[in-house]
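Sequence lines set the chain letters: A, B, ... in the order given, protein chains first and strands last, and positions in each chain run from 1. We use all heavy atoms of the structure for the numbers below, so side chains are in, but hydrogens, waters and symmetry mates are not.
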Protein chains: 2
Amino acid sequence: MVRGLNHVTERSARELPGPVVRRLPKYLTLVQHLREGGVEWVSSADVARALGLTGSTVRQDLSHLKVSGLSRRGYRVAELERVLARVLGADRTWKVVIVGAGNLGQALAKHGDLQRHGFEICGIFDVDRRVIGRKVGALKVMAFSEVDGVVKERGVRLGIIAVPAWAAQEVADRLVAAGIKGVLNLAYANVLVRPGVAVVNARILESLQELVYMVRLGVADRGERR
Amino acid sequence: MVRGLNHVTERSARELPGPVVRRLPKYLTLVQHLREGGVEWVSSADVARALGLTGSTVRQDLSHLKVSGLSRRGYRVAELERVLARVLGADRTWKVVIVGAGNLGQALAKHGDLQRHGFEICGIFDVDRRVIGRKVGALKVMAFSEVDGVVKERGVRLGIIAVPAWAAQEVADRLVAAGIKGVLNLAYANVLVRPGVAVVNARILESLQELVYMVRLGVADRGERR
DNA sequence: TAGATTGTTAATCGATTAACAATC
DNA sequence: TAGATTGTTAATCGATTAACAATC
């Protein structure tokens, strides 16, 4: 563990605990909606209520950031949004490639939410000749063999894996070799990558299975805990 | 918190810690693939390596289940799969409705992975007249107003929300009112439901934002930790 | 002023890891 | 038998919560 090692160089970004990092996007989502709704101030209690947390947790989390609230008022929504966006890198554009032009890959490419939140889709790739060349939104499906070139030429750092389970590891290896620094794995199989490359798994099926467990036990929403 | 309250009735299912519940689907995925690959035995160390955990964690997790390993051999893959499937309810069929027939909703309906893993999609709904009636795989998009009827008549317990953020809460309310017991929320907004109804959030965008944070810090895969 | 809310410290709670006897 | 692996207990580690002085 390297936690707290960078006190030497005192870089701006300090490593935050995992649970905090996973809550930050939720905070960002919330304050974006609040701002759109014209709300100017939000208290830790408000945030906690909306997200199913405690005020303590929210204040602890925000204390890691360079944001300060005001007694009796809470936090300024605009400031919170700016700081959260900064920490999460949501204030800049991130290039991404999608591998797999099946239902899920195509949906992501067309979805719009990604583009709207700072992700620039630099290409969607597949090995299936029947889909290569087909238009997906503004993009044309390219042959998977072209992915290295695109990643290198355009300096793409993120890759989304949306292929069948059996192909996931191979795709990951290829992306990492091409220079990808972070992999979002949607495939129903775990991938292993070398240290220095980040992997986040996001599998709808596993989330559904977790949900089923909770439903069977009649548990209230623990989903928010994450 | 109701943890450990059911010692009175001593039901078969005991409430497992959240982190454990979130790892079980990963174990299941893994052993399914191992079984398909013809592997018969797997040790806690093997599982740990594949999933980026420690052997200790794996053994602790499995000790919650009614599964036993053998010294020098590990766990029997077939048994592990059976027990995990049982605990996660993956040994039976779960009826589900999808609300929102946009890119994501349609992709899920057509995806096939859900059906293949025991989820029966009883309907896909939307409010947009341009998509109502359209074929999506074997299904026809229905008007959202019909969702209550379908949920009640067919006894659907799970709902997937794949609508724009602004509509998510309204859809959740409607589903819960119709009798839905668990909500998988894919929308980019948090929903609140009454106690007794489970919510699991699975947002690709938030996972991507988490990934960006990790990439910026040059962190190795913490994604596996989840 | 009185009251609400932050920011932070300390206490609690829970999860992960280490260790090792039991066992095949 | 010797050695590897489980199952479990205890230790450690870390995250959440409680509490409260500071402050606006």
Side-chain angles (χ1 to χ4, degrees), chain A residues 1-5 14-24 26-27 31 34 39-77 79-80 83 210 219 221-226, chain B residues 1-5 14-24 26-27 31 34 39-77 79-80 83 210 219 221-226:
Chain A
M1 279 301 89
V2 221
R3 176 144 314 163
L5 201 88
R14 186 168 290 277
E15 185 168 352
L16 301 172
V20 178
V21 174
R22 283 190 284 277
R23 282 191 293 266
L24 295 186
K26 295 178 195 300
Y27 296 152
V31 297
L34 289 175
V39 179
E40 287 193 39
W41 295 87
V42 67
S43 71
S44 58
D46 295 336
V47 175
R49 206 172 307 117
L51 264 38
L53 306 167
T54 68
S56 253
T57 300
V58 174
R59 289 198 301 281
Q60 276 278 22
D61 286 353
L62 298 183
S63 75
H64 290 110
L65 277 40
K66 287 206 200 66
V67 62
S68 53
L70 248 51
S71 300
R72 296 259 293 145
R73 299 260 238 165
Y75 303 85
R76 195 180 282 276
V77 169
E79 186 192 350
L80 210 43
V83 173
E210 186 189 334
V219 172
D221 58 320
R222 181 161 58 200
E224 291 305 340
R225 288 292 170 74
R226 273 228 227 171
Chain B
M1 279 301 90
V2 220
R3 176 143 318 165
L5 202 86
R14 187 167 288 279
E15 186 168 352
L16 301 172
V20 178
V21 174
R22 283 190 285 277
R23 281 190 295 265
L24 295 187
K26 295 180 196 301
Y27 295 152
V31 296
L34 289 176
V39 178
E40 286 193 40
W41 294 88
V42 67
S43 71
S44 58
D46 294 337
V47 175
R49 206 172 307 118
L51 264 38
L53 306 166
T54 68
S56 252
T57 300
V58 174
R59 288 198 302 280
Q60 276 278 23
D61 286 354
L62 297 184
S63 74
H64 290 110
L65 276 40
K66 287 205 199 69
V67 63
S68 53
L70 248 51
S71 298
R72 298 259 292 145
R73 300 260 237 164
Y75 303 85
R76 196 180 279 277
V77 168
E79 186 193 350
L80 209 45
V83 172
E210 187 189 332
V219 172
D221 57 319
R222 180 161 57 201
E224 289 308 336
R225 286 292 169 74
R226 270 229 228 173

| task | Counting Watson-Crick and G-U wobble pairs whose two distances are both under 3.5 Å, find the runs of 3 or more in a row that involve DNA chain D. | result | C:3-24 with D:3-24
| field | Leu62(B) CG to dT17(C) C1', straight-line distance once rounded to whole Å | value | 16 Å
| message | Please compare Val20(A) and Arg73(B) by the position of their nearest nucleotide in DNA chain D and report the one closer to 5'. | response | Arg73(B)
| message | Does Glu79(B), at its CD atom, have more than 12 non-hydrogen atoms belonging to other residues, nucleotides or ligands within less than 6.0 Å? | response | yes
| request: Starting from C1' on dT5(D), measure out to CG on Leu80(B) and report it in whole angstrom. | output: 15 Å
| request: Measure the distance from CZ on Arg49(B) to C1' on dT5(D) and round it to the nearest whole Å. | output: 13 Å
| note | Closest non-hydrogen contact found for Val58(A) with Tyr27(A) is CA-OH, 3.7 Å
| said: Among dA18(D), dT6(C), dG7(D), which nucleotide has an atom closest to any side-chain atom of Ser68(B)? | reply: dG7(D)
| task | Indicate, yes or no, whether a donor-acceptor pair under 3.5 Å links the base of dT17(C) to the side chain of Gln60(B). | result | yes
| Has Thr57(B) got a side-chain N or O lying under 4.0 Å from the OP1 or OP2 atom of dT16(C)? | no
| message | Between Leu65(A) and Leu16(A), is there a side-chain heavy-atom distance shorter than 4.5 Å? | response | yes
| message | Ignoring hydrogens, what is the shortest heavy-atom contact between Gly55(A) and Ser44(A)? Give both atom names and the distance. | response | O-CB, 3.9 Å
| Nearest-Å distance, CD (Glu79(A)) to P (dT6(C))? | 13 Å
| query | Between atom OG of Ser43(A) and atom CZ of Arg72(A), what is the distance when rounded to the nearest 0.5 Å? | reply | 12.0 Å
| field | Atom-to-atom span, CZ of Arg76(B) to C1' of dT6(D) - whole angstrom | value | 15 Å
| task | Using only side-chain N and O atoms of Ser63(B), determine if any of them is under 4.0 Å from OP1 or OP2 of dT8(D). | result | no
| request: Please determine, for the side chain of Pro19(B), which listed nucleotide (dT16(D), dG7(C), dA15(C)) has the closest atom? | output: dA15(C)
| In whole angstrom, what separates Glu15(A)'s CD from dG14(D)'s C1'? | 14 Å
| said: Listing request: all salt bridge (Lys or Arg N to Asp or Glu O under 4.0 Å) pairs with a residue in residues 50-64 of chain B, at least two apart in sequence or in separate chains. | reply: Arg23(B)-Asp61(B)
| task | Answer yes or no: does a side-chain N or O of Ser56(B) lie under 4.0 Å from OP1 or OP2 of dA18(C)? | result | no
| Any side-chain heavy atom of Leu34(A) sitting closer than 4.5 Å to one from Asp46(A)? | no
| message | How many whole angstroms separate atom NE2 of His64(B) from atom P of dT6(D)? | response | 17 Å
| said: Quick check for you: to the nearest 0.5 Å, what is the distance between Gln60(B) atom CD and Thr54(B) atom OG1? | reply: 9.0 Å
Output one line per pair: protein atom, nucleotide atom from nucleotides 20-24 of chain D, and distance, for all N/O pairs under 3.5 Å.
| residue | atom | partner | partner atom | Å |
| --- | --- | --- | --- | --- |
| dT23(D) | O2 | Ser71(A) | OG | 2.9 |

| Between dT17(C), dG7(D), dT8(C), which nucleotide gets closest to the side-chain atoms of Tyr75(B)? | dG7(D)
| said: Just so I know, are the side chains of Val83(B) and Tyr75(B) near enough to count as touching, which here means a heavy-atom distance under 4.5 Å? | reply: no
| request: Could you tell me whether the side chain of Leu70(B) reaches within less than 4.5 Å of the side chain of Trp41(B), counting heavy atoms only? | output: yes
| What integer distance in Å separates Asp61(B):CG from dT6(D):C1'? | 14 Å
